[in-house]
Every structure is written in structure tokens, then in C-alpha cells.
Asker: 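Here you go, one structure.
Order of the sequence lines fixes the chain letters, A, B, ..., with proteins taken first and strands second; residue numbering starts at 1 for each chain.
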Amino acid sequence: MKLQQTHMKVQEVSRDVWEIPVSEKDGMLVPARIYASPKILEEMDSGVFEQVTNVACLHGIQQYAICMPDGHWGYGFPIGGVAAFDQHHGIISPGGIGFDINCGMRLIRTNLTYDEVQPKMERLMTELFHQVPAGVGTKGLLRLNESEFKHLMRDGVDWCIANGYGWPQDRERIEEGGHLAGADSSKVSEKAIKRGIHQVGTLGSGNHYLEVQIVTDERIFDRRAAETFGLFGENQVVIMVHCGSRGFGHQVATDFLGVFEKAMKKYDLRVKDRQLACAPFKSPEGQDYFGAMLCAANSAFANRQVITHRIREAFSSIFQKSAESLGMEIVYDVAHNIAKVEPHTINGKRKDLVVHRKGATRAFGPGHPDVCAPYREIGQPVICGGSMETGSYLLVGTEKAVTETFGSTMHGSGRTMSRTAAKKKIRGADLKRRMEEKGIVIKAVSMSGLAEEAGMAYKDISDVVETVERCGITKKVAELRPVGNIKG
DNA sequence: ATGTGC
């Protein structure tokens with residue numbers, strides 16, 4: 001089979017789970033594991049195999065270096081990567097988190113059905129396009145001074161709620177309550193503050209988007225879970241947001257890649273690739289980055305919260321009803337570019353690990369104490385964004401994910417075509433027309449930016465979702481079909 | 001991903 005020829009070292013350990021065994025010659029400390037159907041594995045860039053092997057060589061790594069089926073080549077670590085390190089003897093690495101710190105997904109429900117929304121779709125999308133600024137370098141509508149921005153990065157969603165950008169009950173349906181403890185604004189550079197201070201409430205560019213979607217009855221796979229998450233089907237309208245910490249998180253990552261390059265000499269840390277720059281987690285440099293990274297993570301939660309507030313205002317103005325009466329509750333909000341200290345069981349022993357998820361989502365199962373009370377019996381919702389042309393999925397975490405993948409799963413569909421290749425092949429205006437023929441209203445800042453995000457530049461999200469379901473690390477709840485998209 | 005690129 002061609003598969004074994006291209007990736008000689010890859011062995012199937014169970015259905016759709018592949019392992020690159022420890023090779024001392026390569027300096028691997030643990031095996032690498034790739035979750036993929038044979039088809040997805042075949043089509044994965046070879047860079048992924050090399051990168052996940054490099055990650056398996058990093059100090060203090062536990063059990064396996066993991067790559068999810070939506071994995072592709074990234075900065076140092078693959079996007080779709082999960083790696084957990086011993087907090088006392090292991091490292092933290094910005095490359096394992098990503099430049100867009102706490103890039104994540106949020107899903108908001110409504111009581112509206114598509115019949116009610118469709119006639120007003122054009123006006124609604126125009127209103128959303130004004131309320132939620134998109135594009136590179138765009139400023140938000142919110143004016144903050146430095147002291148307010150520092151409070152925002154320390155308190156995340158709590159700052160937003162205290163300042164009128166959200167409802168008290170929003171907190172519970174956001175990972176970590178939208179407020180990570182330990183954020184230390186004194187570790188954030190002036191440059192990062194300057195870049196981030198006027199970007200709260202903005203979408204950004206690239207694959208970041210705001211999408212109006214519908215939930216149909218036939219695409220609900222787990223009715224009990226869907227109802228617990230507030231989804232009833234019947235062409236119900238929901239809103240999905242994909243964005244992160246904008247220029248602020250990018251600058252924090254850039255600043256500390258520089259700091260870590262020096263720290264690696266100081267601590268005599270050697271890595272396979274310069275992009276794997278890291279520092280011992282408990283070192284002053286590691287802790288400074290962690291404190292600054294948490295500021296960026298809180299700012300991303302706050303960004304999605306302010307965007308939620310604007311979405312509620314837009315719907316309220318178009319439908320002439322309060323957001324409360326439209327039932328615009330948050331379904332959930334997940335981070336998919338972050339590192340967190342979490343307790344996990346390794347060889348029967350409970351210990352705190354620094355879990356890096358880069359293009360991977362936390363997926364705790366039913367009964368887990370860190371799943372919010374209203375969803376605890378069901379498990380944590382996992383929000384996976386597809387490409388604009390296909391659908392997105394709402395999944396739920398499992399006990400098997402907790403024991404096998406440090407409570408993690410996929411995050412989206414994953415690119416198969418580079419941005420430049422996509423731009424050569426697809427014209428943005430053609431794509432817009434094609435999507436509008438399918439009944440999807442598009443508001444885009446840039447046509448070339450739109451072309452980069454064409455469905456054909458991505459893996460089929462259904463293949464990826466089916467893979468994680470067969471592996472047992474998540475279960476399908478519902479598929480969400482796009483009817484309107486805003487992008488930078 | 002990103003005040004898009006040394």
C-alpha cells in the first residue's frame with residue numbers, strides 16, 4: 001500500500017489511530033500519534049509527520065505527541081497538535097500554542113427560524129458587517145484607555161459583563177468562564193498593548209469569520225445533547241464566530257519567541273527546529289510568557305464577548321425585539337490555540353500537566369468537573385468550523401478523549417491548499433456568486449481574502465468529524481449549515 | 001494568524 005511507502009514508520013495501533021514509534025536516533029522521548037482515516041493520512045503533508053516527531057523530542061513530554069485529523073503543517077508544531085508536558089520538568093513553547101493566542105469558536109443560539117430571518121437576511125448581514133469590523137488592522141468601535149485594557153486582559157469576560165457587554169449568565173457557557181486566572185499584564189510589552197488596545201470587538205482576517213447558520217432536524221444526531229445546548233432544529237438560526245486575540249496575541253507570541261531564543265542557550269535546551277523555541281515552564285522566562293499568554297487569552301475571550309454584544313444589538317435592531325426575547329444565549333465558547341495547566345492521569349497517577357492545544361479543542365466528557373453545570377451530564381460542547389461553503393459541526397467531548405488525548409479533539413476542517421495556491425485557482429468574485437446562488441449571503445472586506453477561504457482549499461469537514469467519532473474522542477451533536485458569512 | 005513580505 002502506498003501509505004506504508006510514504007510513511008514507513010507509521011503503524012496502525014487501532015482503527016484510524018497511527019503511531020510513529022520512539023526512535024532513539026531521532027531523540028524521541030515518546031511515540032507520536034496521528035488520528036486519521038487512511039484517506040486523511042494519505043493526504044496529510046509530510047511536514048506533519050516530521051513536526052509531530054520533533055514535538056515528541058521536547059523536554060518533559062508525556063505519553064504521546066498527538067496530531068488530530070484536521071492537522072496540517074504549522075509554525076514548529078503542526079496545527080491540530082496536542083502535547084502535554086510535566087509542569088516541573090517540562091517546557092512551554094509559543095509554537096505549540098500559535099501566534100493567534102486563544103483563537104477560538106463561539107456559538108450563539110436564537111429562537112428564530114430561517115423563515116423569519118430569510119426576508120431580512122440582506123439587511124441583517126449589512127448591519128452585522130457594520131457592527132463587527134473585519135479585515136487586517138481594523139479598529140473596533142470600543143475606545144479603551146490603557147488602564148481599562150489592562151483590566152480587560154486580566155479579567156476577560158468578567159470585565160465585559162461588568163461594563164455592559166454581556167449577560168451574567170454568559171460566563172458559565174464559556175470555557176474557563178472566559179477568565180483565566182494568572183494573567184499578568186506587567187509581562188505584556190507596550191508594543192503589544194499599542195497593537196491590541198483598539199482591536200477589541202473586531203473579527204480580523206484570514207479564516208476568521210462570523211457566520212449565520214441554520215440547524216435542520218435531519219442534521220441533529222443527538223437530540224438530547226442538542227436540546228441541552230438549546231438547539232431545537234426546525235431551521236433554527238444560530239450564529240458562529242471564529243476569531244482570536246488579533247495583533248495583541250501576535251505581538252505577545254513574537255516578543256516571547258525572542259526571549260525564548262536566549263533562554264534556550266541559558267538552560268541548554270536543544271530542539272530539532274528553531275520554531276520549537278521553548279523555556280522550562282517553571283523558569284522565570286516560562287512563567288513570564290505564561291502570564292502574558294493568559295492576558296492574550298483573556299483578551300480573545302473578551303473580543304468574542306464584545307462581538308456577541310454587537311451581534312445581539314444587530315439582531316435586536318433588525319427584528320425589533322430584545323436580544324433576551326430572541327433567546328440569544330451563548331451555546332458555548334471554546335479556545336483552540338492555548339496552553340493550560342490541567343490535572344490528567346498518567347500511568348495511574350494524577351498530575352498537573354501543561355497541555356498545549358494548537359488547532360485542537362478541549363473535549364471533556366460527561367461528568368467531568370470542569371464541564372459547566374448545565375452541560376455536565378452531557379459533556380463539553382466542541383465547536384468545529386468548516387469552510388464557508390460546507391457546514392460546521394457541534395460535537396461533544398467523551399471520557400475516551402480524557403484518557404487518550406488529554407481531553408482533546410479536532411477544531412475545524414484543516415487546509416489542503418496553501419493560501420497562494422487557492423488565490424491562483426479561485427477568483428473571489430466567482431466564489432461569491434457561486435455561494436450566493438446556493439443561498440449564502442456574503443459580506444467580505446477583500447475578494448482575494450475570500451478566495452483563500454474557498455471550500456476546495458479545505459479538507460471535507462465530514463471526513464474529519466467521522467474520524468474523531470470512530471476514534472471515540474468526540475460524538476456528533478448537529479451539523480450547522482451556512483446562510484450568511486462575514487469575513488475580513 | 002499578522003500594523004501580511006528581509
Asker: Write down the distance between CZ (A:Arg419) and P (B:dT2), rounded to a whole number of angstrom.
Answerer: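 After rounding, the reported distance stands at 9 Å.
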Asker: Picking from A:Lys475, A:Lys476, A:Glu479, what satisfies side-chain contact (heavy atoms from CB on, under 4.5 Å) with A:Val465?
Answerer: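 One option only clears the test, and that one is A:Lys476.
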Asker: A:Ile101 has an atom CD1; how far is it from atom P of B:dT2, in whole Å?
Answerer: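 Distance, rounded to whole Å: 12 Å.
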Asker: Could you state the CZ-P distance from A:Phe256 to B:dT2, rounded to the nearest angstrom?
Answerer: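 One finds 20 Å between P of B:dT2 and CZ of A:Phe256, rounded.
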Asker: How long is the line joining CG of A:Asp100 and P of B:dT4, in whole Å?
Answerer: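 About 16 Å, once rounded to whole Å.
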Asker: Could you tell me which residues satisfy side-chain contact (heavy atoms from CB on, under 4.5 Å) with A:Ala421, sequence neighbours excluded, listed by chain and number?
Answerer: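 Here the qualifying residues are A:Met417, A:Ser418.
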Asker: Which heavy-atom pair separates A:Ile40 from A:Pro69 by the least distance, and what is that distance?
Answerer: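 The pair with the smallest heavy-atom distance is CG2-O, 3.3 Å.
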Asker: Rounded to whole angstrom units, what separation is found between the CD atom of A:Gln199 and the C1' atom of B:dT4?
Answerer: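 After rounding, the reported distance stands at 13 Å.
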Asker: Using only side-chain N and O atoms of A:Ser205, determine if any of them is under 4.0 Å from OP1 or OP2 of B:dT4.
Answerer: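 No, no such contact exists.
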Asker: Which whole-number value in Å describes the distance from A:His250 NE2 to B:dG5 C1'?
Answerer: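 Checked: the NE2 to C1' distance equals 12 Å.
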Asker: By side-chain contact (heavy atoms from CB on, under 4.5 Å), which residues pair with A:Tyr375, not counting sequence neighbours?
Answerer: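 So A:Tyr375 forms a side-chain contact (heavy atoms from CB on, under 4.5 Å) with A:Arg173, A:Thr228, A:Phe229, A:Val331, A:Tyr332, A:Val371, A:Cys372, A:Pro381.
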Asker: Classify the nucleic acid contact of A:Lys191 as base, sugar-phosphate or nothing, counting any heavy atom under 4.0 Å across all strands shown.
Answerer: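 Here A:Lys191 touches the bases of the nucleic acid.
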Asker: Report the distance from atom CD of A:Glu453 to atom C1' of B:dT4, rounded to the nearest whole Å.
Answerer: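 The answer, rounded to whole Å, is 14 Å.
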Asker: B:dG5 P sits how many Å from A:Phe99 CZ, rounded?
Answerer: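 About 11 Å, once rounded to whole Å.
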Asker: Does A:Gly98 reach a base, just sugar-phosphate, or nothing at all? Heavy atoms under 4.0 Å.
Answerer: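 No contact.
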